[in-house]
Amino acid sequence: MSFARAGLRTLRSLPQSQVYRSSTLLNQRRLISDEAKKLIDNAVQTNPLVVFMKGTPEAPQCGFSRAVCQILDVQGVPREKIVSYNCLEDQELRSAIKEYSEWPTIPQVYVKGEFVGGCDIVLSMHQSGELENLLIKEGLAPPLPEEEPATKA
């Protein structure tokens with residue numbers, strides 16, 4: 001029997017009032033507060049590069065957050081251009097950012113108000129060169145110096 005069928009059978013066996021109460025509580029928990037939405041909106045709209053992470057760029061507290069910071073370092077993004085929010089310090093922010101972006105994991109990177117992605121997407125973009133192009137285009141990373149043509153000796 002599949003997991004979904006077993007869950008459906010369990011759900012059908014519960015009293016309707018319990019199912020309604022449980023689903024209502026779940027829906028209430030998923031609603032982002034106006035204050036949290038305003039904080040996130042303000043952060044991503046007024047700052048060119050925002051990272052919601054676990055820890056800080058100087059002291060990441062999770063491997064994925066560390067990887068994103070290392071990628072931004074490799075791309076040449078100055079630390080002063082990174083506005084970061086430590087989601088471990090604020091439980092409401094930690095759950096609100098997931099709902100805001102409709103993305104289930106942290107870290108989350110925003111460039112010029114647009115959600116770029118989490119660690120896996122940022123890593124993929126870094127490997128393909130897309131991230132470098134985006135960061136240079138938005139003035140967040142310096143362009144690579146032009147290579148001088150090799151001279152024949």
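Source: prediction; values computed, not measured.
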Can you confirm whether P78 sits close enough to K81 that some side-chain heavy atom of one is under 4.5 Å from a side-chain heavy atom of the other?
yes

To the nearest 0.5 Å, tell me how far Q127 CD sits from E132 CD.
13.5 Å

Going by heavy atoms in the side chains, are C87 and M53 under 4.5 Å from each other?
no

For a 4.5 angstrom cut-off between non-hydrogen side-chain atoms, does L93 reach I40?
yes

From N86 CG over to R94 CZ, what is the distance, rounded to the nearest 0.5 angstrom?
9.5 Å

Listed by chain and number, what are the side-chain hydrogen bond (donor to acceptor under 3.5 Å, both in side chains) partners of T56, not counting sequence neighbours?
none

Decide yes or no for V83 and F52: does some side-chain heavy atom of the first lie under 4.5 Å from some side-chain heavy atom of the second?
no

Can you name the side-chain hydrogen bond (donor to acceptor under 3.5 Å, both in side chains) partners of Q75, sequence neighbours left out?
H126

With a 4.5 Å limit on heavy-atom distance, are the side chains of S101 and Y110 in contact?
yes

Taking atom CD of E35 as the centre, does the number of heavy atoms from other residues, nucleotides or ligands within less than 6.0 Å exceed 12?
no

Would you check if F115 and Q108 make a side-chain contact, meaning some heavy-atom pair closer than 4.5 Å?
yes

Can you tell me how far apart CG (D41) and OG1 (T46) are? Round to the nearest 0.5 Å.
10.0 Å

What distance separates D73 CG from R66 CZ, expressed to the nearest 0.5 Å?
11.0 Å

Would you say W103 ends up clustered with I106 if hydrophobic residues are merged whenever their side chains have heavy atoms under 4.5 Å apart, either directly or through other cluster members?
yes

Check the hydrophobic clustering (I, L, V, M, F, W, Y; side-chain heavy atoms under 4.5 Å; chains of links allowed) and say if F64 and Y85 are grouped together.
no

Find out whether K54 and S65 are in side-chain contact, i.e. whether some heavy atom of one side chain is under 4.5 Å from a heavy atom of the other.
yes

Between CD1 on residue I71 and CG on residue L123, distance to nearest 0.5 Å:
4.5 Å

State whether the number of non-hydrogen atoms from other residues, nucleotides or ligands found under 6.0 Å of E102 atom CD is greater than 12.
no

Validation row: V44, Y100 side chains within 4.5 angstrom (heavy atoms)
yes

Please determine whether residues I121 and L134 belong to a single hydrophobic cluster, defined as Ile, Leu, Val, Met, Phe, Trp and Tyr linked transitively by side-chain heavy-atom distances below 4.5 Å.
yes

If you group Ile, Leu, Val, Met, Phe, Trp and Tyr by side-chain heavy-atom gaps below 4.5 Å, do L88 and V51 land in one group?
no

Going by side-chain contact (heavy atoms from CB on, under 4.5 Å), M125 matches just one of D120, N133, L135, V116. Which one?
V116

From OG (S95) to CG (L31), nearest 0.5 Å:
11.0 Å

What about V122 and I136, same hydrophobic cluster or not, with Ile/Leu/Val/Met/Phe/Trp/Tyr joined at side-chain heavy-atom distances under 4.5 Å?
no

Is the side chain of N47 donor-acceptor paired with the backbone N or O of L49 at a distance under 3.5 Å, no angle test?
no

Closest non-hydrogen contact found for C69 with P57 is SG-CA, 3.6 Å

Could you work out, with side-chain hydrogen bond (donor to acceptor under 3.5 Å, both in side chains) as the rule, every residue matching S128, not counting sequence neighbours?
E130

